[in-house]
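For reference, the structure is listed below as C-alpha cells.
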Amino acid sequence: MTVYGVPPVSVVGESYCAPYPLELIVKKKIKKLSNAQFEVFDLSGNLLLQVDGGVWNFQLKRVLRDPAGFPILTIRGKVLTLWHKWKAHAGESTDDSNVLFTVKQSHPLQIKKAINVFLTNNSKKKEPDFHISGSYTSLSFKVYEGRRLIAEVKHNFTLESFCKGKERYKVKVYPEVDYAFVVALLVILDENDTP
C-alpha cells in the first residue's frame, strides 16, 4: 500500500508498516551488568516489540521479538572493530543467507554519527540504502532513505534515569515505514554508545 504516492519502506516486514505516523516510546532497562532489555510501546501503552541481549560483553547479540516473545530479528555485532559493523538476520538465524541488512559506521573516528545501512540485495553498491545522522552526546538521531526523512529518535537522558538503569526514547516513525527496522537501528546505535 502506498500513502500519498510515497513508496513504503519495508525491511523486516510489511506488517510493521502503518499507513499513518507512529509515535513510539522505547524503554530500556539494564537488568544486570551484562543484560539489557528494550520494550517498545505505542502511545496507548500497548507492547509492540521487545529486545533482549547482553551489554558490555563480547557476544554483541540482540534478539528483536514480537509481544508474544517470538523472534523477528537477530542482530549481531562484530567484536573488536573500530567500524561498528552489525548484521541483522531474519528470525533467530545467524546464517549469512538470512541477512536482511548490514550497518556500518562511515568512519571509525568521528564526532557526529554517520551510520550507513545496506540492504542485502544492495551488496554490490557503494551508496547506502539508508543513513543515520546524530551525535555522540545524545542518542537523538534521524534516519534517511536518500534525502527522505523516515524516522526520528529522541533520547530522554537524565543522570537519575541512567543511575537507575532505566532510559526512555521517543520515536517518530513516518507513514509506511517499518518500525521494527527503526527500533533495530536504535538498538544498534545504543550499543555503539555504550562504554
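We number each residue from 1, following the sequence as shown. Computed over heavy atoms, backbone and side chain alike; hydrogens, waters and symmetry mates excluded.
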Would you sort out whether Phe130 and Phe101 count as a ring pair (Phe, Tyr, Trp, His ring centres under 6.0 Å), showing the intermediate values?
-> CA-CA 10 Å; Phe130 304 92; Phe101 62 92; 8.4 Å; no
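- A continuous path of ILVMFWY side-chain contacts below 4.5 Å connects Leu186 to Leu149, so both sit in one hydrophobic cluster.
- Residues Lys142 and Lys172 are not in side-chain contact: their nearest non-hydrogen atoms beyond the backbone lie 4.5 Å or more apart.
- Each of Val99 and Val187 belongs to its own hydrophobic cluster when Ile, Leu, Val, Met, Phe, Trp and Tyr are linked at side-chain heavy-atom distances under 4.5 angstrom.
- Criterion: ILVMFWY side-chain heavy atoms under 4.5 Å apart, direct or through other members. Under it, Leu119 and Ile72 are part of a common hydrophobic cluster.
- Inspection of the Asp95 and Ser93 side chains reveals no N or O donor paired with an N or O acceptor under 3.5 Å.
- When all heavy atoms of Pro67 and Leu47 are compared, the pair lying nearest together is CG-O, 3.2 Å.
- Under the 3.5 Å distance criterion, the side-chain polar atoms of Thr74 are matched with a main-chain donor or acceptor of Gly91.
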Worked check of side-chain hydrogen bond (donor to acceptor under 3.5 Å, both in side chains) between Tyr20 and Glu176 = CA-CA 7 Å; Tyr20 46 85; Glu176 294 298 338; over 6 Å; no
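- With sequence neighbours excluded, no residue satisfies side-chain hydrogen bond (donor to acceptor under 3.5 Å, both in side chains) with Ser44.
- Linking Ile, Leu, Val, Met, Phe, Trp and Tyr whenever their side-chain heavy atoms come within less than 4.5 Å puts Leu48 and Val26 in one cluster.
- In this structure, Tyr144 and His131 have parallel ring planes: the angle between them is below the 30° cut-off, well short of the 60° mark.
- Considering Leu24, Val9, Val183 as possible partners of Val173, the one that fulfils the side-chain contact (heavy atoms from CB on, under 4.5 Å) test is Leu24.
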